[in-house]
Novice: 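Before anything else, here's the structure in question.
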Protein chains: 2
Amino acid sequence: MSRASYQDIQAEVRRRIQTRVWKPGDTIPTEVDLAKEFNCARATINRALRELAETGLLERRRKSGTRVSLNPMRKATLDIPITRLEIEGRGQTYRHKLLESQQVSAPDALSAEMNLGRSQMLVHLKTLHMADGRPFMYEDRWINPKAARGILRAKLAEVSANEWLVQNVPISHGDIAFQALGADTDQAAALGVTVGTALFIIDRLTWMGTQTVTKVRLAYGPGYRMVTQI
Amino acid sequence: MSRASYQDIQAEVRRRIQTRVWKPGDTIPTEVDLAKEFNCARATINRALRELAETGLLERRRKSGTRVSLNPMRKATLDIPITRLEIEGRGQTYRHKLLESQQVSAPDALSAEMNLGRSQMLVHLKTLHMADGRPFMYEDRWINPKAARGILRAKLAEVSANEWLVQNVPISHGDIAFQALGADTDQAAALGVTVGTALFIIDRLTWMGTQTVTKVRLAYGPGYRMVTQI
DNA sequence: AAGTGGTCTAGACCACGTT
DNA sequence: ACGTGGTCTAGACCACTTC
């Protein structure tokens, strides 16, 4: 091997772990030693090992070195689906229908979760997303107009709320939660299932600084799976 | 600003995107230009932008440059929980109970999914994981003894199957799926819920090369959530 | 105090995609 | 052909952890 790329090195490290040359818990050679072995710069080794550590295959600590992780499947990267693209990607046609649009003062529980003052006015939207005309996902969204200026004038029947927000409101970070819940009456009616049917739920709470922009609950119809590889 | 670190640069890029100095869809300056502006090496800019692109905030293409992503929340990193640590991390005591352990020939559907020959012999385990003595998660696992040599002699009542596998069987990759399902009779009985209760399900299929090592379905009790930040 | 990874530099060449 | 990001180098200094 003349000169190794960081990907070559990653492949070789993976191979050594898989073939038990390096076993879980073992300390592997230092960057300097590996650089000599692979005839490359230390920075190249560093990048290779750093990325493997980010995926959880290795654990690195200054002074004590780099060890093979005891539990290599610790992190998974999920692609957050964009519903329209997800549906079109299957060759189906996407449509969405705005079922309900109101301005209401926030319920107490929501005020706490969204870090709002008492009786803050919110936009509340209920939307059904469809694939080939059949219910696919039911969206229940709350928008804080103080953070999302202009939302009151937006034509949300034409542009989806999500697209409008992406285009018009900056965000700093978000919380995401995945869980399973039995369908409530709204979800059941919209998705055409019986109340209590197990639904895959994604909750997303989006922030700009200390202010919440929007909270959305996505309820997917039966059979929905999120998949990833490690 | 004397010299900027790659993290300083990431923070500043985030700030410019959040404050709409750079808007979604905009092309930002080239690495060379940014290196001049920040008075640092191009490699530093490269690392800052590369990492932001990995999280989905930026999109990079040779020749056309770096653009602000239209949909910044495209990827989420989930920590795959290690059940024992997850429970102990809440200050609860962890226990698990091996409910059933058999050697059976694989059902046809499983043979296909696990890429096995016909009537391949498998180890089938059913385990209940408990927090403070209460049901927490029900695990249904199939192990391929051809890939997991020694499993037949392992004392799986003492060491959990997962720990035994981690210590003794190398893996190359895995498929993971998340979904919601109504509890079947086994799950309901083990978790102490009624049949049909919505459960959060994680399926994991683990490979060594072209051979499957183990397939496991984890069924979490009601109320379980996986959370992450973006 | 010493060993290890973490980061940065200045420069170089390459790969890809657009023109 | 050219412009952009992708990667690599040889060396340096720093930060953290353990001794």
Side-chain angles (χ1 to χ4, degrees), chain A residues 1-14 16-17 21-70 72 74-75 77, chain B residues 1-14 16-17 21-70 72 74-75 77:
Chain A
M1 197 180 297
S2 59
R3 279 290 163 95
S5 74
Y6 81 96
Q7 287 152 335
D8 294 337
I9 292 160
Q10 287 181 345
E12 176 60 14
V13 169
R14 285 184 187 279
R16 290 186 189 180
I17 292 171
V21 177
W22 295 336
K23 301 185 186 63
D26 284 358
T27 298
I28 74 173
T30 65
E31 293 188 348
V32 173
D33 289 345
L34 288 171
K36 283 177 203 152
E37 178 188 343
F38 286 102
N39 186 31
C40 69
R42 197 190 131 217
T44 304
I45 301 289
N46 179 275
R47 178 164 180 192
L49 299 188
R50 176 162 39 82
E51 289 187 357
L52 291 177
E54 279 164 9
T55 72
L57 187 65
L58 299 175
E59 287 169 4
R60 319 195 75 196
R61 290 170 66 189
R62 282 157 153 136
K63 169 78 178 173
S64 37
T66 300
R67 294 192 310 155
V68 180
S69 179
L70 290 177
R74 299 190 305 102
K75 294 196 172 176
T77 303
Chain B
M1 196 180 298
S2 57
R3 278 289 162 96
S5 74
Y6 82 96
Q7 287 155 336
D8 294 338
I9 292 161
Q10 287 182 344
E12 176 60 15
V13 169
R14 286 183 187 280
R16 290 187 189 178
I17 292 171
V21 177
W22 295 335
K23 301 184 186 65
D26 284 359
T27 298
I28 74 174
T30 66
E31 293 189 348
V32 173
D33 290 344
L34 289 171
K36 283 179 203 151
E37 178 189 343
F38 287 101
N39 185 31
C40 69
R42 182 168 78 98
T44 304
I45 300 290
N46 180 274
R47 177 163 180 192
L49 299 187
R50 177 162 39 84
E51 290 187 357
L52 290 177
E54 279 164 9
T55 72
L57 187 64
L58 299 175
E59 287 170 4
R60 320 195 73 196
R61 289 171 67 187
R62 284 162 153 134
K63 168 79 177 173
S64 36
T66 300
R67 294 192 311 154
V68 180
S69 180
L70 291 175
R74 300 191 304 105
K75 292 194 174 178
T77 302

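Reminder, nothing fancy here: chain letters follow the sequence lines and each chain counts from 1.
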Novice: With respect to the phosphate group of D:dG6, does any side-chain polar atom (N or O) of B:Arg60 fall under 4.0 Å of OP1 or OP2?
Specialist: yes

Novice: Kindly say if A:Tyr6 contacts the phosphate of D:dT7, meaning a side-chain N or O under 4.0 Å from OP1 or OP2.
Specialist: yes

Novice: Tell me whether the OP1 or OP2 atom of D:dT4 has a side-chain N or O from B:Thr66 closer than 4.0 Å.
Specialist: no

Novice: Whole angstrom is fine here: how far is it from CD1 in B:Ile9 over to P in C:dT7?
Specialist: 13 Å

Novice: Among C:dA15, D:dT7, C:dC8, which is the nearest nucleotide to the side chain of B:Arg62?
Specialist: C:dA15

Novice: Kindly point out which of C:dG5, C:dT9, D:dG6 is positioned nearest to the side chain of B:Glu31?
Specialist: D:dG6

Novice: To the nearest Å, how far apart are A:Phe38 CZ and D:dT9 P?
Specialist: 12 Å

Novice: Would one find a side-chain N or O of B:Arg61 under 4.0 angstrom from OP1 or OP2 of D:dG6?
Specialist: no

Novice: B:Asp8 has an atom CG; how far is it from atom C1' of C:dT9, in whole Å?
Specialist: 16 Å

Novice: Would one find a side-chain N or O of B:Asn46 under 4.0 angstrom from OP1 or OP2 of D:dG6?
Specialist: yes

Novice: With A:Glu12 as reference, evaluate A:Arg14, A:Arg16, A:Gln10 under the side-chain hydrogen bond (donor to acceptor under 3.5 Å, both in side chains) test and give the passing residue.
Specialist: A:Arg16

Novice: Please answer whether the main-chain N or O of A:Ser5 pairs with a side-chain N or O of A:Asp8 as donor and acceptor at a distance below 3.5 Å.
Specialist: yes

Novice: What integer distance in Å separates A:Leu58:CG from C:dT4:C1'?
Specialist: 15 Å

Novice: Does B:Lys63 or A:Val32 map to a spot on DNA chain C nearer the 5' end, using the closest nucleotide for each?
Specialist: A:Val32

Novice: The side chain of A:Ala41 lies closest to which of these nucleotides: D:dA10, C:dT9, D:dG3?
Specialist: D:dA10

Novice: If you measure from CG on B:Leu34 to OG1 on B:Thr66, what distance do you get to the nearest 0.5 Å?
Specialist: 8.0 Å

Novice: Please check if the number of heavy atoms outside B:Arg74 that lie under 6.0 Å from its CZ is greater than 12.
Specialist: yes

Novice: To the nearest Å, how far apart are A:Arg42 CZ and D:dC13 P?
Specialist: 14 Å

Novice: Quick one: the side chain of B:Arg50 and the base of D:dT7, do they pair up donor-acceptor inside 3.5 Å?
Specialist: no

Novice: Check whether any side-chain nitrogen or oxygen of A:Thr30 sits under 4.0 Å from OP1 or OP2 of C:dG3, and answer yes or no.
Specialist: no

Novice: Whole angstroms only, please: what is the CD-P distance between B:Glu59 and D:dT4?
Specialist: 18 Å

Novice: Could you give the distance from CD1 (A:Ile45) to CZ (A:Arg47), rounded to the nearest 0.5 Å?
Specialist: 13.0 Å

Novice: Quick one: B:Leu34 CG to D:dG3 C1', roughly how many Å, whole number?
Specialist: 15 Å

Novice: Please check the phosphate of C:dT9 (OP1 and OP2 only) for any side-chain N or O of B:Thr44 closer than 4.0 Å.
Specialist: yes

Novice: Is any side-chain N or O of B:Arg47 closer than 4.0 Å to OP1 or OP2 of C:dT7?
Specialist: yes

Novice: Would you mind reading off the distance between B:Lys36 atom NZ and C:dA10 atom P, rounded to a whole angstrom?
Specialist: 14 Å

